[in-house]
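Within every chain, numbering begins at 1; the chains are lettered A, B, ... in the order of the sequence lines, protein sequences first and strands thereafter.
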Protein chains: 2
Amino acid sequence: MELMTVLLEQAHPPVTELRLSKVLAALADPGRLATVRALAQKGESPCTRLQHDAGLQISRSTFSHHQKVLREAGILLVRVRGAERILSLRRDDLDSCFPGLLDLVLNTPEKQT
Amino acid sequence: MELMTVLLEQAHPPVTELRLSKVLAALADPGRLATVRALAQKGESPCTRLQHDAGLQISRSTFSHHQKVLREAGILLVRVRGAERILSLRRDDLDSCFPGLLDLVLNTPEKQT
DNA sequence: CCAGTATGTCGAAAATCATCGAACGTCGAA
DNA sequence: TTCGACGTTCGATGATTTTCGACATACTGG
């Protein structure tokens, strides 16, 4: 149905639209940084599970906002599986646009984040 | 002594205090990103000159603010030479804490910034 | 179809950030 | 010692971001 399709549509920027300042801004928030790091360990994860794994004590709507920022920066991929949204990292796209950035973020000790 | 006073005026975080989220937040602003890129080309430069080289059409006080953000994140080194403040990148410190980050920023085409 | 789970959206409040001009301090030169 | 160049700090303002609770939408199992 049309309504369903529209609402479920996820806006992911194509690789050609990825911008360094957007990616850096998205990663600059400690909560979002923790989200990315947790997601890298899990491989993929639904929202609520990921929020828990990242240790974020925030409301669902706030997490939804952060997820949106990460998605619009080109860091996250969101796909629908039933009632869930499965989040995963756009590793290949990030590596091709900004080689080393994701590895750096993931390899940085938590102490230095 | 005069020299002592001058040296203490500048608050530079030690290497052990550098934090990824602070560095990313500092670099996330397009103007500051341009400043860092211009500074990398110049090697070192006084404030006004650097602002011009970075192509920033902002007031001196605003640039001073950005310089402060970059300095407090550990990205810039500021030393006094007469009436001027000479800015330079803390390349070695950044490379040792966040290897590849500065290179990535400098190697990213302007189009993708 | 209903009840429960999962998640996004909206509107508002609070916090943070970018920006400016005015006022200030310091330095080097006239 | 006065002056102009360089830069910082302060206070205000508007923009952006973070955060929440309430509501809406979508799927799933009974």
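Atom P of nucleotide dA6(C) and atom CG of Leu87(A) are separated by 14 Å, given to the nearest angstrom. Look at CG on Leu70(B): it is 16 Å from C1' on dG7(D), rounded to the nearest Å. Distance CD (Glu84(B)) to P (dG4(D)): 19 Å, rounded to an integer number of Å. Put simply, CG on Asp29(B) is 17 Å from P on dA15(D), counting in whole angstrom units. Atom-to-atom, NZ of Lys68(A) to P of dG8(C) comes out at 10 Å; the value is rounded to the nearest Å. For the pair Ile86(B) CD1 and dT26(C) C1', the computed distance is 15 Å after rounding to whole Å. For Arg85(B) and dG7(D), the CZ to C1' distance is 6 Å, given to the nearest whole Å.
Looking at Ser96(B), its side chain does come within 3.5 Å of a backbone N or O of Asp93(B) through a donor-acceptor pair. Between the side chain of Arg32(B) and the main chain of Leu27(B), no donor-acceptor pair closer than 3.5 Å is present. Within the 3.5 Å criterion, the main-chain N or O of Arg60(B) finds no donor-acceptor partner in the side chain of Ser64(B).
Taking a 4.0 Å limit (strictly below) on heavy-atom distances, residues 46-67 of chain A reaches DNA chain C at Pro46(A), Cys47(A), Thr48(A), Arg60(A), Ser61(A), Ser64(A), Gln67(A). Interface residues of residues 32-43 of chain A facing DNA chain C, ordered by number: none; criterion, heavy-atom separation under 4.0 Å.
Using a cutoff of 4.0 Å between basic side-chain nitrogens and carboxylate oxygens, Arg79(B) and Glu44(B) are scored as salt-bridged.
Of the residues listed (Leu87(A), Leu102(A), Leu94(A), Thr35(A)), the one engaging Ile75(A) in a side-chain contact (heavy atoms from CB on, under 4.5 Å) is Leu94(A), and it is the only one.
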Hey, mind stepping through Glu72(B) and Lys22(B) against salt bridge (charged side-chain N to carboxylate O under 4.0 Å, His left out) and telling me if it holds? CA-CA 9 Å; Glu72(B) 291 180 344; Lys22(B) 285 283 183 188; over 6 Å; no

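For the 3.5 Å distance criterion, the side chains of Thr62(A) and Ser59(A) qualify, holding a donor opposite an acceptor.
In this structure, Arg37(A) places its CZ atom where more than 12 heavy-atom neighbours from other residues, nucleotides or ligands lie under 6.0 Å away.
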